[in-house]
Amino acid sequence: MNHSSVKILALITFGVFASANAQTNDVTTPLHAMQPDYVTPYVVPEKNNIEAVLNRVYNFLEENTASKVLNASDNSEVKDFKKAKGKLVFSPGSFRLTSYEWGVTYAGMLLATEATGKKEYADYANKRIKLIADLAENFKSENVQDSPIRTVLKPHALDDAGALCAAFIKAKKGGLNANVDPVINNFIKYISEKEYRLKDGTLARNRPQNNTLWLDDMFMSVPALAQMGSYTGDKKYFDDAVKQVNQFSERMFNSQKGIYMHGWVESMQTHAEFHWARANGWAVMTMVELLEVLPKNHPGYPQVLAQLQKHIAGLMQYQDGTGFWHQLLDRNDSYLETSATAIYTYSIARAINRGYVDKLAYAPAVLLAWNAVASKVNEKGQVEGTCVGTGMAFDPAFYYYRPINLFAAHGYGPVLLAGAEIITLLKNNQFEMNDSSIQLKIKG
């Protein structure tokens, strides 16, 4: 072998050894510290970034929801409701001011002011609640259809009454100067006396089948009953609220899975279980809202608290690695849904903040959930990935293929609630990156 060949062989050998030494392996690199390719930002959220999300949502809603009443005949603004005649309408907007979704939005705006100290959020809610109350106070037409608040004046379902009633009471307790009591009393009378019930008093509907329980109806009734109990001091409202939670749960909670079915029909021998995410959101939020005002010495308090803890433990088993939850909780091939994820974020964060559940166990996952929700609020302040209004079905296709839409009103209030409650969680706790994972920081 000549001198040139030896030199070439030496260079090749050196290159092989150099390549081996440069290789990323367990000897050359601390592999446990490598940065994963996360889909959702894996960081502790910062208060200013959360407020930026809330502000985008606020600006979008302020620009796209009505704040005035017009004469339908010529679109002129009505400023004196006592003199108003003929058909009235709200000024143009993208969302209905009197829907249950907007009851959640009003509550979200009120909570956002509590968390941030910024008055404009509560002003959004109070302005529109007062508008509705003023309209109701001065309604004189014989034809309810001539009023833009016909479902307030004459509710036809729990959807028309519950969420709005709870929000109106919260606004009044928060200092709103408006005559909201007649509206509150009308709502609560519908819930307590007019809505259909099973023989044992459980609130029910006769659609899609006779004697059907909708899990959604826990939220469409119980928070209003609970707030009424707090507002008036009358124990009967607390008693009814606790009864609803217990009797819905007895029929609809799957204790093995830790989650609820969406619908229960009395005449079914076998109860088909479809664990729709948003309905489970309404259920977990119901219990958080009830415990907020239910006296601790009420005999039903321990039952409601235990049921909430079981439900939260169940929900946490189904959180996706992205931080979201699926449209059907236990079917990972169904799509990831924003409104349910936001409701869980709010409810579990509030349960942590109130000491109902173990913050050490659940807080990191809730921060991940918020990061997922925040990723769905676009630059315009629109909430993406929200399932539209949904009835009840007993087959999977119905839930798998429900559309999503930017104007599905169900997403906006939960995002406001979630962001506000996460701000409170961050105020009261410290988090750190410990060995690459988010951990609650414990003193000492």
Side-chain angles (χ1 to χ4, degrees), residues 39-40 99-101 104 157 159 205 207-209 212-220 248 251-265 267-286 311-312 314-348 365 368-369 371-378 382-415 418:
V39 174
T40 299
S99 68
Y100 69 87
E101 302 98 322
V104 181
D159 299 27
R205 308 190 194 195
R207 67 179 179 90
Q209 303 291 338
T212 297
L213 300 189
W214 294 58
L215 185 60
D216 319 53
D217 283 345
M218 280 177 65
F219 181 75
M220 305 301 168
F248 270 86
R251 293 177 170 98
M252 305 181 75
F253 187 70
N254 184 319
S255 57
Q256 282 72 45
K257 295 190 175 210
I259 51 178
Y260 288 87
M261 65 181 78
H262 183 202
W264 180 94
V265 177
S267 59
M268 284 183 176
Q269 295 180 4
T270 299
H271 295 286
E273 295 195 23
F274 291 90
H275 305 286
W276 182 41
R278 190 159 65 226
N280 272 265
W282 296 138
V284 72
M285 185 152 69
T286 291
H311 192 202
I312 289 176
L315 290 172
M316 296 309 299
Q317 297 180 73
Y318 296 101
Q319 186 178 22
D320 187 76
T322 60
F324 290 97
W325 276 263
H326 290 268
Q327 165 81 337
L328 286 175
L329 290 172
D330 54 345
R331 301 198 182 200
N332 289 350
D333 57 341
S334 63
Y335 63 81
L336 300 170
E337 205 277 332
T338 303
S339 68
T341 302
I343 296 172
Y344 300 159
T345 303
Y346 160 70
S347 301
I348 300 171
L368 175 64
N371 289 342
V373 169
S375 74
K376 289 297 186 178
V377 179
N378 65 28
Q382 298 167 315
V383 177
E384 301 172 346
T386 295
C387 175
V388 299
T390 296
M392 183 185 298
F394 300 103
D395 64 81
F398 175 79
Y399 295 99
Y400 273 69
Y401 293 98
R402 292 303 291 159
I404 60 173
N405 194 283
L406 288 172
F407 295 97
H410 313 73
Y412 291 88
V415 168

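Note that the coordinates shown come from a computational prediction; the quantities given were computed from them, not determined experimentally.
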Determine the minimum heavy-atom distance between [X] and [Y], stating which atoms define it.
X: A418; Y: A342; value: CB-O, 3.5 Å
X: F394; Y: G263; value: CE2-O, 4.2 Å
X: N254; Y: E273; value: ND2-OE1, 3.0 Å
X: V265; Y: Q209; value: CG1-CB, 3.7 Å
X: G314; Y: I259; value: C-CG2, 4.2 Å
X: Q319; Y: A369; value: NE2-CB, 3.7 Å

Just by distance, do the side chain of [X] and the backbone of [Y] share a donor-acceptor pair under 3.5 Å?
X: S339; Y: G411; answer: no
X: T338; Y: G385; answer: yes
X: T40; Y: T322; answer: yes
X: H326; Y: S334; answer: yes
X: R278; Y: C387; answer: yes

Contact between [X] and [Y] at the side-chain level, heavy atoms closer than 4.5 Å - yes or no?
X: Q382; Y: V377; value: no
X: Y412; Y: T386; value: no
X: M316; Y: Y344; value: no
X: Y399; Y: M392; value: yes
X: L406; Y: N378; value: yes
X: D333; Y: Y400; value: yes
X: P414; Y: Y346; value: no
X: F398; Y: T390; value: yes

### Task
For Y100 and D216, run side chain to side chain contact (heavy atoms under 4.5 Å, CB included): C-alpha distance rounded to whole Å, both residues' side-chain angles, the deciding distance at 0.1 Å, then the answer.
CA-CA 11 Å; Y100 69 87; D216 319 53; 5.9 Å; no
[atom1] of [X] to [atom2] of [Y]: how many Å apart, nearest 0.5 Å?
X: M261; Y: F253; atom1: CE; atom2: CZ; result: 11.0 Å
X: L215; Y: M220; atom1: CG; atom2: CE; result: 10.0 Å
X: Q317; Y: W325; atom1: CD; atom2: CH2; result: 12.0 Å
X: W264; Y: T212; atom1: CH2; atom2: OG1; result: 9.0 Å
X: Y335; Y: I404; atom1: OH; atom2: CD1; result: 6.5 Å
X: L328; Y: F274; atom1: CG; atom2: CZ; result: 7.5 Å

### Ring geometry between W214 and H262 (parallel below 30°, tilted from 30 to 60°, perpendicular above 60°)
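Ring orientation, 0 to 90° scale: perpendicular.
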### Task
Determine, using ring centers only, whether Y318 and H275 are less than 6.0 Å apart.
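Centroid distance H275-Y318: not below 6.0 Å, so no.
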### Chi angles and distances behind the side chain to side chain contact (heavy atoms under 4.5 Å, CB included) call for V104, F219
CA-CA 10 Å; V104 181; F219 181 75; 3.6 Å; yes
### Task
Give me the one residue out of Q327, K376, R402 that meets side-chain contact (heavy atoms from CB on, under 4.5 Å) with E337.
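Filter result, single survivor: Q327.
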